[in-house]
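Reviewing the structure listed below.
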Amino acid sequence: MVDPSLAEEDTVDLLEWACMADPEGFVAWTDIIGQLRSAMSEDEATETLQEPANGITAEGERSMEPYETILNNWEEVLTYRAKACGLDMRYPFFVTKEGIEFRDGVSPAYAFQLLVSLGSNDAHHDGTSVYKLFEELSASAAGQYLGSGNMAVVFGWPRRHPLSTGFRDAVRDLVGLLREGEGCKDREGLHQLKDDGLDIVAWREFPDRRASKLILFGQCATGRRWKEKAHELRPDVWCKNNLIGTFAVDPVPAFFVPRALSEKDADHYGKNQILLDRCRISALYSGSSVDGLDERLREWIAAARDRGVDIDVK
């Protein structure tokens, strides 16, 4: 459970998973301290903190302070995540003086993304891939961010209602929903295109439903190479390549990732685009009845907990 060689965010993910996997849904701080002591010496713990060692106590026992400081740092990350999720039953863990508790029955968005980040990638029993489930979750969150879950669609291939399967027809359907643009541009290789890197489209509508509105174009990334995809999608280029006519306002780029990013990573991968990581998506997701998404996420989480997770965080 405790691997001091990992980044802090990854270690906290492992603590959350240990809490989910425990039959009682609880991990005690004393157990974590014990694992820390087994995993690293006090000097190594102090070096990790870049603080001077405390040495030996008067009783000849190793001081607990470096380990407690590491633990306090992890606790701060847990507390931050709870706040970032909105403190409205959307963060499934409860931090106490004794340890961490898993609260089953809350919104499934956070737990689903946690397990995906840790490497769980088995499809739902209905055949839906993890990536498609994440796209549906992201679309729901994007719609809520812009005001309505109904004003968002998954453009990523394979597509389903309300968009057509083929690329040309899907673009036609999209401009119809947005009431902007004129259709799909003819270009070489068009018949081979699936989504051209566009996964999520969401928009903020006016009562008149006319052109000139806020539109969001998003890309999702669930795998190990998520950093390489972070700035791949350029909405202006996508529109220039694929649309007849133009939108009144260039779509805003967005990047969706199931990881809970550190402040440093969030600053970097959020530049020049809207970043929606695990906590932001969880804060925005209020449950969706579209294709039974809420229930399907819960079913997937239950199956993943039963079979366990083949951890892959490096």
Side-chain angles (χ1 to χ4, degrees), residues 81 84-86 90-91 107-118 120-121 123-124 128-163 170 174 177-178 194-204 214-235 238 251-261 265-266 269-270 273-298 300-301 304:
R81 291 182 179 186
C85 288
R90 298 179 187 183
Y91 183 65
S107 171
Y110 188 96
F112 168 75
Q113 294 177 89
L114 168 65
L115 297 181
V116 171
S117 296
L118 289 173
S120 186
N121 60 7
H124 186 273
T128 305
S129 70
V130 162
Y131 191 80
K132 293 308 293 184
L133 285 173
F134 182 65
E135 284 184 340
E136 292 181 42
L137 174 62
S138 297
S140 179
Q144 290 296 329
Y145 182 54
L146 296 185
S148 171
N150 295 325
M151 301 300 175
V153 293
V154 174
F155 192 86
W157 192 90
R159 281 175 291 273
R160 56 186 177 185
H161 182 79
L163 300 179
L174 181 63
L177 289 171
L178 296 173
K194 294 181 176 179
D195 52 42
D196 204 18
L198 176 61
D199 294 323
I200 306 296
V201 179
W203 60 99
R204 176 85 177 190
L214 177 60
I215 301 172
L216 181 150
F217 271 18
Q219 185 173 50
C220 301
T222 60
R224 300 296 101 197
R225 300 172 62 187
W226 64 273
K227 293 181 179 180
E228 299 174 21
K229 297 184 67 175
H231 292 96
E232 277 187 357
L233 177 64
R234 290 185 54 190
W238 194 97
V252 176
F255 183 61
F256 299 81
V257 61
R259 294 173 171 271
L261 300 187
D265 279 346
Y269 295 105
Q273 63 184 352
I274 298 173
L275 173 68
L276 289 98
D277 70 348
R278 184 191 307 162
C279 292
R280 285 187 168 186
I281 292 171
S282 299
L284 290 166
Y285 181 73
S286 58
S288 173
S289 60
V290 178
D291 295 320
L293 177 58
D294 206 72
E295 183 60 29
R296 287 188 293 134
L297 291 177
R298 295 185 191 280
W300 184 91
I301 292 167

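Here the OG atom belonging to Ser107 is positioned 11.5 Å from the CD1 atom belonging to Ile281, to the nearest 0.5 angstrom. In this structure, Leu297 CG and Tyr110 OH are separated by 15.5 Å, a value rounded to the nearest 0.5 Å. Rounded to the nearest 0.5 Å, atoms CG (Asp195) and CD (Gln219) are 8.5 Å apart. Atoms CD and SG, from Gln113 and Cys279 in turn, are 8.5 Å apart once rounded to the nearest 0.5 Å. Taken from CG in Leu216 to CE in Met151, the straight-line distance is 14.5 Å, to the nearest 0.5 Å. Here the CD1-CZ distance, from Ile274 to Arg280, works out to 8.5 Å after rounding to the nearest 0.5 Å.
The two atoms that bring Leu275 and Gly270 nearest to each other are CB-CA, 3.8 Å, heavy atoms only. Between Arg204 and Gly147, the shortest heavy-atom distance links the atoms NH1-CA, 3.3 Å. The minimum heavy-atom distance linking Leu115 with Ala304 is given by the pair CD1-CB, 3.7 Å. The shortest heavy-atom contact between Arg90 and Ser282 is CD-O, 3.3 Å. Considering all non-hydrogen atoms of both residues, Ala230 and Tyr269 come closest at CB-CD2, 3.4 Å. Nearest heavy atom pair, residue Leu114 against residue Arg278, reads CD1-NH1, 3.7 Å.
In this structure, Val252 and Phe217 have side chains that are not in contact, with every pair of non-hydrogen atoms separated by 4.5 Å or more. At least one side-chain heavy atom of Trp226 sits under 4.5 Å from a side-chain heavy atom of Phe255. Phe134 places none of its side-chain heavy atoms less than 4.5 Å from the side chain of Val116. For the pair Arg296 and Pro108, the minimum side-chain heavy-atom distance is 4.5 Å or more. For the pair Trp203 and Val153, the minimum side-chain heavy-atom distance is below 4.5 Å. Side-chain atoms of Asp199 and Leu233, non-hydrogen and from C-beta on, never get closer than 4.5 Å to each other. With a 4.5 Å cut-off on side-chain heavy atoms, Lys132 and Pro158 count as touching.
Summarising the local packing, NZ of Lys229 is surrounded by more than 12 heavy atoms from other residues, nucleotides or ligands at distances under 6.0 Å. Residue Arg298 places its CZ atom among more than 12 non-hydrogen atoms of other residues, nucleotides or ligands, all under 6.0 Å distant.
Note on ring orientation: taking the six-membered ring where Trp is involved, the planes of Phe112 and Trp300 are perpendicular (angle over 60°, cut-offs 30° and 60°).
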- What's the verdict on side-chain contact (heavy atoms from CB on, under 4.5 Å) for Leu146 and Ile215, showing C-alpha distance, side-chain angles and the deciding distance? CA-CA 9 Å; Leu146 296 185; Ile215 301 172; over 6 Å; no

- Message: Let's go through Asp265 and Arg259 carefully: what are the C-alpha distance in whole Å and the side-chain angles of both, what is the deciding distance for side-chain contact (heavy atoms from CB on, under 4.5 Å) to 0.1 Å, and is it a yes or a no?
- Response: CA-CA 11 Å; Asp265 279 346; Arg259 294 173 171 271; over 6 Å; no

- Message: Test side-chain contact (heavy atoms from CB on, under 4.5 Å) on Ile200 and Val154; report intermediate values, then the result.
- Response: CA-CA 5 Å; Ile200 306 296; Val154 174; 4.2 Å; yes

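Classification of Arg159 and Glu135 as a salt-bridged pair fails, no side-chain N sitting under 4.0 Å from a carboxylate O.
Counting only N and O atoms by type, the side chains of Tyr131 and Asn121 include no donor and acceptor under 3.5 Å apart.
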